[in-house]
Amino acid sequence: MDDSQRDLSGDPKLNHMMNLLLLLNWFLCLVSASVTDDRISELASQYKSGSQTERIEAVLELGQRIPDLTDEQQLDSAYQTLIDAVADPAELVASAAKLRLAELGLQAVPYLKPFLESGKFIQFAKACESIKAIGPSAKTCIPWLEKHVDSTDPKFQLAALHGLGVFEGEELLPVLD
């Protein structure tokens, strides 16, 4: 029997090495999660207080990191920052946020709900702008937009119509009735 066919599972040195590798892998996962926690917070802070270039970098990196996040609090923070950024006064920052939201697509839609339900115009307008960026895959947002089409507040009406502008055909039939 050559070495490639020999059963090494009973070898204590090999078992010890495997246990060490598993422990190292576990430790690296913990460290990686901790670094991600810190980095998401850093990026959110960078967006809030950075220069235009720093805000663009923060938004782009947040959008890039979102698919790898598993912690709901990190996801909430990252999405809130992206959705806030669609209304950034610097057009390049807002465009970077819209680009990332468009790339995330349907994955971003559940994070729009608090903005759509807030009752605050600025939050609602950010959600509508985000819906435009995401596109037709945000069709589950139509009922919230529909509620505001008949609003007594013309600002909400216009924002809702702006958000609905991304949808076509049968998706809009309930709104048009």
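Just so we're clear, the structure is a prediction, and the values are computed from it rather than from any experiment. All residue numbers refer to positions in the sequence shown, counting from 1.
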(request) With sequence neighbours excluded, give me every salt bridge (Lys or Arg N to Asp or Glu O under 4.0 Å) pair touching residues 121-130. (result) Asp84-Lys126, Lys98-Glu129
(request) Would you list the pairs meeting salt bridge (Lys or Arg N to Asp or Glu O under 4.0 Å) in which at least one residue belongs to residues 110-123, sequence neighbours left out? (result) none
Interatomic spacing from [atom1] in [X] to [atom2] in [Y] - rounded to 0.5 Å:
| X | Y | atom1 | atom2 | answer |
| --- | --- | --- | --- | --- |
| Leu62 | Arg39 | CG | CZ | 8.5 Å |
| Arg100 | Leu60 | CZ | CG | 5.0 Å |
| Leu106 | Thr140 | CG | OG1 | 6.5 Å |
| Lys139 | Leu164 | NZ | CG | 14.5 Å |
| Leu82 | Ser130 | CG | OG | 8.5 Å |
| Arg55 | Asp88 | CZ | CG | 4.0 Å |

Quick one: closest heavy-atom pair of [X] and [Y], and the distance?
| X | Y | value |
| --- | --- | --- |
| Ile131 | Cys141 | CD1-CB, 3.6 Å |
| Ala160 | His148 | CB-CB, 3.8 Å |
| Ala97 | Ala85 | CB-CB, 3.5 Å |
| Ile40 | Ser77 | CG2-OG, 4.2 Å |
| Ala133 | Leu101 | CB-CB, 4.4 Å |
| Ala96 | Val59 | C-CG1, 3.7 Å |

(request) Evaluate whether atom CD of Glu72 has more than 12 neighbouring non-hydrogen atoms of other residues, nucleotides or ligands under 6.0 angstrom away. (result) yes
(request) Evaluate the criterion side chain to side chain contact (heavy atoms under 4.5 Å, CB included) for residue pair Leu116 and Leu145; output intermediate values, then yes/no. (result) CA-CA 8 Å; Leu116 290 166; Leu145 299 174; 4.3 Å; yes
(request) Check the hydrophobic clustering (I, L, V, M, F, W, Y; side-chain heavy atoms under 4.5 Å; chains of links allowed) and say if Leu158 and Leu112 are grouped together. (result) no
(request) Could I get the full list of ring pair (Phe, Tyr, Trp, His ring centres under 6.0 Å) partners for Tyr111, not counting sequence neighbours? (result)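 Residues passing ring pair (Phe, Tyr, Trp, His ring centres under 6.0 Å) with Tyr111: Tyr79.
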(request) Using a 4.5 Å cut-off on heavy atoms from C-beta on, say whether the side chain of Thr152 contacts that of Gln157. (result)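 Side chain of Gln157 against side chain of Thr152, heavy atoms only: no contact under 4.5 Å found.
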(request) Show your reasoning for whether side chain to side chain contact (heavy atoms under 4.5 Å, CB included) applies to Glu42 and Gln46. (result) CA-CA 6 Å; Glu42 288 171 12; Gln46 181 178 329; 5.9 Å; no
(message) Could you check whether any side-chain N or O of Glu57 sits under 3.5 Å from a backbone N or O of Glu54, counting only pairs where one atom can act as donor and the other as acceptor?
(response)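 Not a single qualifying donor-acceptor pair exists.
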(request) Determine whether the aromatic ring centres of Phe115 and Phe124 lie less than 6.0 Å apart. (result)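 No, too far apart.
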